[in-house]
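What follows is a single structure, written as structure tokens, with notes after it.
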Amino acid sequence: MGNVKYYTGEVWFLLKQQKTGNAVMLMSMTLLMALLTLTIAWALVVNDAASAVRAESEIDVYLTDDTYDVVSDRIERMFQGTETRVVSAEEAYRNMDSILGEGQNVLSLFDENPLESYIEVKLPIEMAGETAAKIEKITGVDYVRDNKAVLDAVNSFTKLSIRLSLFLLAGVGMGTFLILSGLIRQSIHQYRDHIDTMQLLGAPNAFIQIPFFGEGIFLSFLSMLIAFSASAWGITALLNKMRTAVMWFPIPQGHAVMLKTAVFMAGFSLLIGITGSIFGFRSAIKKA
Amino acid sequence: MIEIKGAQLIYSSGAVALEAIDLTIKPGMLVFITGESGSGKTSLLKLMMGIEKPTQGKVYVDGSDMADLHGNALAKVRRKIGPVFQELKLLEGKTALENVIFGMRFYGMRLETIRKKSSEALAQVGLQIKADMPIETLSWGERQRVAIARAIARKPAYIIADEPTGSLDEANAIKILSLLAELQTPETAVIITTHATHLIKAMAPFNHVSLAGGRMIALSDEFHDGKQGETTKG
Ligand SMILES: Nc1ncnc2c1ncn2[C@@H]1O[C@H](COP(=O)(O)OP(=O)(O)O)[C@@H](O)[C@H]1O
Ligand SMILES: [Mg+2]
């Protein structure tokens, strides 16, 4: 316990000794961390939304006659894992109505309901393509509509977003790592004689290193905290606004995204804190 | 026990600091190492502390070959030594007491125990009133005493002091030397270097190593047959 107090004291000592240097480093780390917070939140939103869209992979089957039950049965028997439901023309009208929202008068231009009943087939995403083609050949089926085109678009958008996020993650990871290891290296150079003395007095390696690691982890974590708390409120508000504005795209709840982002950022900052410090220490100290 | 067998030390610059050193320091010995400036005194102590490795021969501290030790294993041996460096190596920005405490931080002792022992050590060198003064505000003589306090508070098996009387006037030098000499116990060997040969004449019975140009030119009898006194070698 005495040592915990000692180490915190030493970390505080190190932080105080290079106020300006540490402040400048902290600021650049904070900017990078803020960028990463945005990136991660963005990636999570896209990923969540994409998997929500993908889970909704469906084929709408329109018939030439009224044999909805027969055809439904047939589809479920032919394709393991599908689930069918008959959507009446009235339900289709109500759905369209709610999607169009205030454009209500569009539908009221029609005297009669312009929409037909259809069979909604829910199925696993990997079955989507060929199943649609096969269903189309069943007798009584007029035509099918699948959301494959939408899914493909969502998929490539997701891929692009993830790739961009990974790119930014790598960049920010590299940037923060370099800043931090540089900072630790500088700190060690400044305390070279302290370290020499400790080694001569027989201090174990861990005892010598822990204060520097503490400094690194503290600065990394602090920059993450500042960046996160500065951006979290804005991102949450933005997401929640988008949720109500963009009905057709399933934006996840703001606080759920931010919780995951927080966990990620905490882990990230600790990882950078630890590896950056170790690297900084290794590169500054020649082995005794 | 510190055993030095046929040790030679040539620095990478090519300077031959030590040549053909054979020396055994047993627990409880009081050893003075004398010689002019540049004769190799500091180098000899560096071998004992594993700061330099012999270019020939062997150095053993309590049976460990110092040439084989690195990292934490070397640190462990160094914790048996209470060093007083010629340039003191006290930590600036810390108080006298903190410096003494610092020398004991990694012995796995409770902080209260460390504090108590550190205060006692400062009292032993007569500096308890300066305990909370930043080290930069103390005079060189006072700093030397802090360095000694840091070395002795550790209750080491070997106290190794390099020119502890360095820049002191004669009266203070004798005080410091007596203080160090008194630390000799059956368990604690005290090893002191000095170029002020005239000062040690008055000391208690001691063993004497005299260096010149990196070689031992004289060695007291005890190193040969256990008796006190001084003879000239060769
Ligand atoms: N780090 C070093 N590199 C090169 N030469 C050194 C080094 N330290 C000491 N020497 C040389 O080794 C010799 C012995 O030095 P030293 O052990 O410091 O003597 P003393 O302590 O008796 O004054 C001297 O000639 C000195 O110049
Ligand atoms: Mg010297």
Side-chain angles (χ1 to χ4, degrees), chain A residues 1-23 183-215 218 274 277-288, chain B residues 42 45-46 48-53 61 64 66 69-95 98-116 135 146-147 150-151 153-154 156-158 160 162:
Chain A
M1 270 338 263
N3 272 350
V4 171
K5 226 163 115 194
Y6 164 77
Y7 290 134
T8 29
E10 285 302 290
V11 169
W12 186 234
F13 179 78
L14 286 175
L15 289 169
K16 264 195 325 203
Q17 291 300 305
Q18 336 186 50
K19 263 188 225 113
T20 354
N22 280 337
L183 188 137
I184 296 303
R185 197 160 41 231
Q186 216 179 301
S187 199
I188 285 161
H189 283 313
Q190 192 176 345
Y191 289 95
R192 200 55 246 208
D193 50 336
H194 274 44
I195 294 172
D196 283 346
T197 304
M198 286 194 247
Q199 285 178 335
L200 291 174
L201 290 172
N205 284 334
F207 184 85
I208 297 172
Q209 294 175 6
I210 285 172
F212 293 98
F213 290 1
E215 184 189 18
F218 176 82
I274 293 167
S277 307
I278 290 177
F279 185 80
F281 201 92
R282 286 278 149 82
S283 60
I285 295 273
K286 54 175 197 307
K287 290 267 125 193
Chain B
T42 300
L45 298 188
K46 282 182 174 172
M48 296 180 191
M49 291 188 268
I51 299 169
E52 297 291 345
K53 318 258 168 182
V61 175
S64 305
M66 296 303 275
L69 297 181
H70 301 275
N72 283 340
L74 179 59
K76 197 174 165 198
V77 172
R78 284 180 177 166
R79 290 201 287 279
K80 297 179 185 176
I81 297 171
V84 181
F85 300 100
Q86 195 165 359
E87 66 282 21
L88 303 186
K89 293 189 189 290
L90 294 167
L91 303 184
E92 309 234 326
K94 296 194 186 278
T95 66
E98 281 167 350
N99 264 281
V100 180
I101 288 174
F102 194 78
M104 281 199 292
R105 268 294 183 177
F106 28 85
Y107 282 75
M109 281 185 263
R110 294 171 53 81
L111 188 57
E112 298 92 280
T113 316
I114 296 176
R115 255 179 199 292
K116 197 167 146 275
I135 207 75
V146 175
R150 182 177 69 182
R154 291 148 65 97
Y158 308 95
I160 296 183
D162 196 5

Take B/T113 and B/Y107 through the test side chain to side chain contact (heavy atoms under 4.5 Å, CB included) and record every step on the way to the result. CA-CA 11 Å; B/T113 316; B/Y107 282 75; over 6 Å; no
Per-residue contact mode, B/R79 against chain A (heavy atom under 4.5 angstrom): both
Tell me whether the rings of A/F281 and A/F213 are parallel (<30°), tilted (30 to 60°) or perpendicular (>60°). perpendicular
In terms of side-chain heavy atoms, does A/S277 have a donor or acceptor partner in A/E215 at a distance below 3.5 Å? no
What's the shortest heavy-atom distance between B/R154 and B/I81, and which atoms? NH2-O, 2.9 Å
So, the part of B/L91 with a heavy atom under 4.5 Å from chain A: the answer is both
Structural part of A/Y191 lying under 4.5 Å from a heavy atom of chain B: neither
B/K94 versus chain A, heavy atoms under 4.5 Å apart: side chain, backbone, both or neither? side chain
Take B/M49 and B/V77 through the side chain to side chain contact (heavy atoms under 4.5 Å, CB included) test and state the conclusion after the steps. CA-CA 8 Å; B/M49 291 188 268; B/V77 172; over 6 Å; no
Non-hydrogen atoms of chain A under 4.5 Å away: do they reach the side chain of B/E92, the backbone, both or neither? backbone
